[in-house]
Amino acid sequence: LRGMMLAPAVAIFAAFWLLPMAALARISAGDGLAGYLAILTNARYLRSLATTLALAGGVTLTALALSLIAGLFLARRRFPGRHALIAMLTLPLAFPGVVVGFMVIMLAGRQGLLADAAAALFGHRVVFAYSLGGLFLGYLYFSIPRVILTLMAAAEKLDPALEEAARSLGASSWQVLRDVVLPALAPALAAASALCFATAVGAFGTAFTLATDINVLPMVIYTAFTLNADLLTAATLSLVLGAVTWLVLAWA
Amino acid sequence: LRGMMLAPAVAIFAAFWLLPMAALARISAGDGLAGYLAILTNARYLRSLATTLALAGGVTLTALALSLIAGLFLARRRFPGRHALIAMLTLPLAFPGVVVGFMVIMLAGRQGLLADAAAALFGHRVVFAYSLGGLFLGYLYFSIPRVILTLMAAAEKLDPALEEAARSLGASSWQVLRDVVLPALAPALAAASALCFATAVGAFGTAFTLATDINVLPMVIYTAFTLNADLLTAATLSLVLGAVTWLVLAWA
Amino acid sequence: MKQASVAITLRRCAKTFDHGQRALRPVDLSVAAGETVVLLGPSGCGKTTMLRLIAGLERPDPGGTVLFDGEDVTQQPIESRQVGMVFQSYALFPNMTVRGNIGYGLRIRRLPAAEITRRVDELLDLMRLREFAERAVNRLSGGQRQRVALARALAPRPRVLLLDEPLTALDAQLRETLRVEMNSLLRQLGITTVYVTHDQAEAMALGDRIVVMSAGRIEQAGTPREIYYSPASLAVARFIGTLNRLAGEVRDGRFHCAGCAAPIALPRRLPPGGAMWFRPEDARIVPHAEANLVGRVLQAVFLGDRTRLTVGEIGDAPVLVDVPGRADLAPSGSIGLAIAPDAWLCLPEDAA
Amino acid sequence: MKQASVAITLRRCAKTFDHGQRALRPVDLSVAAGETVVLLGPSGCGKTTMLRLIAGLERPDPGGTVLFDGEDVTQQPIESRQVGMVFQSYALFPNMTVRGNIGYGLRIRRLPAAEITRRVDELLDLMRLREFAERAVNRLSGGQRQRVALARALAPRPRVLLLDEPLTALDAQLRETLRVEMNSLLRQLGITTVYVTHDQAEAMALGDRIVVMSAGRIEQAGTPREIYYSPASLAVARFIGTLNRLAGEVRDGRFHCAGCAAPIALPRRLPPGGAMWFRPEDARIVPHAEANLVGRVLQAVFLGDRTRLTVGEIGDAPVLVDVPGRADLAPSGSIGLAIAPDAWLCLPEDAA
């Protein structure tokens with residue numbers, strides 16, 4: 001049984017894995033190195049790459065900070081309604097990017113709840129759904145549950161004696177957090193950040209729902225490929241996006 | 001420190017979690033129960049829901065079967081190049097849905113590799129990228145790595161003595177797999193299937209890149225919202241999609 | 001290396017957990033400065049809860065008081081009690097080296113770097129860990145980890161040392177070695193120590209006094225010798241060492257039983273239950289003429305320093321008898337046993 | 001309940017793993033039908049590898065042969081060898097009840113349901129597990145799990161029972177109880193048994209013969225009594241029981257040392273090392289006039305059945321002496337010790 005598994009495994013691997021990426025590479029190499037360089041040094045594409053990375057980085061850091069507080073709290077404390085709270089926290093995971101985009105518009109769009117509230121309070125409508133701000137909000141919405149779940153799982157595996165030992169040695173709550181809890185959670189934090197970053201870099205549904213002119217890389221690739229039929233640019237940028245994401249995931 | 005965490009946790013929860021969903025619910029309830037029913041019994045939407053679920057189910061089962069073989073093989077065997085193989089298996093995780101769609105077109109589209117190969121071999125071009133077949137291929141491509149990684153992690157945690165005990169009692173390889181390995185992997189299999197299914201139900205980028213007329217639910221929602229400005233339908237279908245996904249995730 | 005230590009007093013300390021579970025009934029306990037007290041009992045008997053009350057990791061129910069040298073520390077959290085703790089899991093910080101772990105309590109106290117280095121070196125030498133100083137703690141063996149945990153607890157010169165089953169995670173051979181080392185270390189340091197274990201051999205070897213606990217109560221507190229030779233109840237006697245029950249009846253002020261060569265004079269008034277007890281090592285093999293009991297050897301298991309015999313046809317169940325290892329016995333022979341008058345234990349049947 | 005068993009023979013069995021690590025040097029071993037042999041040694045000594053060779057979980061290097069009653073089973077996989085195995089982790093199937101676990105080997109053999117029920121009931125009774133029959137295995141205590149694992153291994157009436165540290169995961173008190181139960185069970189069943197452990201007390205209590213291993217080699221094989229009183233090497237002597245080393249020198253055919261009351265007649269030719277050895281329980285306290293050795297008590301630890309003395313001013317390092325527990329000794333007194341001539345062990349220094 002076991003010996004026989006090698007052949008199909010290799011076949012599946014070759015068929016599904018290498019072929020599509022090879023196709024991508026072949027097209028992007030159409031104009032040779034010069035083509036690559038022209039695209040990689042194009043100011044518009046570079047700006048788009050920078051925007052994408054900055055947005056993903058910002059989302060990751062914010063999600064991490066908020067999730068750390070909520071995750072530690074939920075992992076430690078036992079209170080009535082805890083299970084219900086955790087179940088509701090995971091709700092955003094159930095909504096695809098398109099729906100999250102839709103929700104952001106409902107919340108911060110022209111007819112959104114925030115706009116109505118701001119109009120009532122300050123007399124002018126707050127609208128940021130159709131910009132990077134809206135995208136940031138949307139990404140945060142589906143990033144936080146994932147990060148919280150990862151952190152909670154890691155925090156629950158932590159030996160409570162570790163903290164008790166540190167306290168017996170005179171460490172304050174803050175010192176326990178800094179010297180014991182955070183270092184112990186570091187691998188989980190790294191994994192959660194990488195996943196969060198990678199998801200934010202590649203998310204498309206939310207961006208597309210919010211507006212077609214948000215300048216993040218997946219949108220640029222879509223536009224290049226579908227509207228402009230610029231295969232070379234699309235393939236090259238896809239490879240860049242894939243390489244960045246893969247490096248982030250591999251680093252964690 | 002700990003007592004202070006309650007307030008921000010509740011605030012975050014309220015702001016980010018309930019508001020968007022409340023907004024969605026408010027809009028979808030605009031016409032009352034009748035509005036709901038009209039949409040939920042609309043044959044076109046039902047067909048779309050059925051297509052979405054069938055596609056996600058098919059992707060899940062196929063990914064599970066293939067990953068089980070590859071995952072068990074990779075978890076057990078030690079051979080040269082194993083680490084490199086595992087690293088390459090995770091490559092598709094680095095590509096966003098848009099790029100995966102793009103890859104499917106490169107592979108099975110009108111100018112794709114498969115079409116070229118089929119033309120050379122059988123004299124007619126095989127093209128299935130712009131249909132459910134292409135979507136199936138694309139979803140499979142980014143589902144398999146996730147499932148394999150989950151299964152490998154679970155298989156490596158399995159006590160090897162369990163299998164040895166079964167063999168000492170006279171069980172054949174197949175009986176060991178059926179009676180010991182699969183039941184022990186069941187929780188991991190359930191979690192991986194649920195995640196795979198939920199991702200496939202909500203994926204949008206790939207579907208959008210392949211064709212705008214593929215009748216899966218996220219596409220229908222996008223069309224209803226952006227092109228037809230039919231908020232009621234979009235919100236109701238979003239809630240249905242969210243509920244289905246959440247149930248699948250909660251079940252695992 | 002003598003350290004300043006304090007006396008510990010618990011007054012009416014009880015502990016009920018949130019979900020209403022009574023872990024500890026109101027108990028009183030005094031530990032003299034420099035004394036080593038072992039809390040002994042099966043899991044769930046409240047011994048760890050009592051240790052955590054002393055540590056400051058739990059607060060007693062209202063009415064309970066914890067005193068260190070007369071000072072009320074009941075409301076002080078663990079971080080200000082100056083106690084050293086060693087856990088069953090060792091709880092070493094995986095992100096620090098051996099040196100980093102041992103010095104952690106000193107760094108928290110912001111001592112000068114030179115002084116930290118000096119004190120850590122001192123402990124590395126004491127624990128024979130010098131060559132592992134810069135090693136990551138996950139590259140140490142179980143015994144080494146245990147020593148690092150102890151060194152870390154001792155580094156800030158705590159007033160009290162608290163150990164929660166520190167040897168349980170180790171294997172039998174190593175446990176015995178470390179038990180001996182731990183004993184001489186505690187004598188050498190002279191620090192007030194409370195030691196929790198479920199292993200009676202560990203308790204006997206280490207404790208100046210042993211506190212036997214069961215179901216949240218103190219069953220008996222005393223020196224190892226008191227506990228072993230004058231157990232307060234059957235529960236204590238059973239938990240400490242092996243015990244034979246000899247069923248029979250009292251007639252004319254003497255004890256009669258199956259296998260009794262002659263009726264046995266009662267050492268004390270026998271409680272109503274009608275059984276007497278003795279320990280395997282208190283029976284000697286003697287010629288039948290001098291024997292208290294006569295029985296038949298059913299099984300003889302050579303254990304090295306002694307041979308454990310299972311002897312039948314005495315009382316209503318086989319009894320265990322330990323004889324020196326060099327005695328060569330063909331199993332199934334008939335033997336006479338003599339038990340010294342002061343070796344008989346009379347215990348209430350109900351106390352089990 | 002007697003089971004049909006086979007004799008086991010290993011001939012020139014060595015085992016080298018893929019990465020070139022030599023787990024076992026070529027060894028020969030015979031286990032008689034119905035015999036219980038204990039493989040004893042520290043971790044990494046090759047004892048588990050030897051067990052796995054017998055089980056069929058590993059194949060020996062070319063040239064090695066495994067025989068069951070003369071039949072060559074070297075190439076047979078474990079599933080056709082009809083062996084029962086018990087693992088340290090128990091390896092119970094978590095998706096089956098106690099009954100399901102015990103009956104698994106019978107279901108695999110497609111026995112009729114009624115017969116499976118009958119056999120499983122028999123084993124449930126034997127192991128006192130009847131009341132847990134329908135329980136999930138993760139709701140059992142460690143001791144109960146261990147008994148289920150044993151019952152499961154015995155259910156298909158294996159030709160050989162193989163146990164890999166079956167008691168190691170249990171705590172000290174329970175381990176001692178189960179050791180006794182295991183002993184009477186193995187005698188009762190009369191099945192050929194190979195038992196792996198690193199605990200010498202377990203080995204002594206259970207083995208008809210003990211095979212002491214170290215670094216992939218058999219150091220000595222013999223009855224517990226042979227191993228304890230005539231160890232083949234210092235390594236064996238040290239591993240089995242406690243041993244005192246008395247440094248000194250040989251002059252005029254007699255042994256002289258610090259603390260020697262009179263030169264000691266050599267029982268056998270002393271090897272060049274110039275040290276003699278004795279066990280703690282072989283020294284008796286006697287008046288100074290009759291003593292072989294005179295020293296000073298440094299420490300006395302009461303252990304219940306005995307008191308362990310640390311005696312200084314003898315040889316070049318303190319020696320350990322066990323005296324009966326009831327002996328009351330003020331530490332730091334001067335005492336005389338007598339050691340019987342046949343209790344001296346002479347061992348080559350190098351063999352350590």
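Note on naming: letters A, B, ... go to the chains in the order of the sequence lines (proteins, then strands), and numbering restarts at 1 for each one. Treat the numbers as computed from the prediction; the structure is a model and nothing was measured.
D/Arg52 contributes atom CZ, which lies 4.0 Å from atom CD of B/Glu164 (distance to the nearest 0.5 angstrom). For the atom pair B/Ser168 OG and D/Phe87 CZ, the distance stands at 5.5 Å (nearest 0.5 Å).
D/Glu79 is not listed as a side-chain neighbour of B/Ser172, based on a closest heavy-atom distance of 4.5 Å or more. For the pair D/Phe93/B/Leu169, a side-chain contact is recorded, criterion being any heavy-atom separation below 4.5 Å from C-beta on. Between B/Asp179 and D/Ile108 the shortest side-chain heavy-atom distance falls below 4.5 Å.
For D/Leu92, the part sitting under 4.5 Å from any heavy atom of chain B is the backbone (N, CA, C, O) and nothing else. With a 4.5 angstrom heavy-atom cutoff, D/Arg109 touches chain B only via side-chain atoms. For B/Ala166, the parts sitting under 4.5 Å from any heavy atom of chain D are the backbone and the side chain alike. Using a 4.5 Å cut-off between heavy atoms, D/Arg107 makes no contact with chain B at all.
Considering only heavy-atom pairs separated by less than 4.5 Å from chain B, the leading option among D/Leu106, D/Asn95, D/Val86 is D/Asn95. Listed options D/Leu162, D/Asp164, D/Ile78, D/Leu57 were ranked by heavy-atom pairs under 4.5 angstrom with chain B; first place goes to D/Ile78. Counting heavy-atom pairs closer than 4.5 Å to chain D, the top-ranked of the candidates B/Ala184, B/Ala186, B/Pro160, B/Ala165 is B/Ala165.
The local environment of CZ in D/Arg59 is crowded, with over 12 non-hydrogen atoms from other residues, nucleotides or ligands closer than 6.0 Å.
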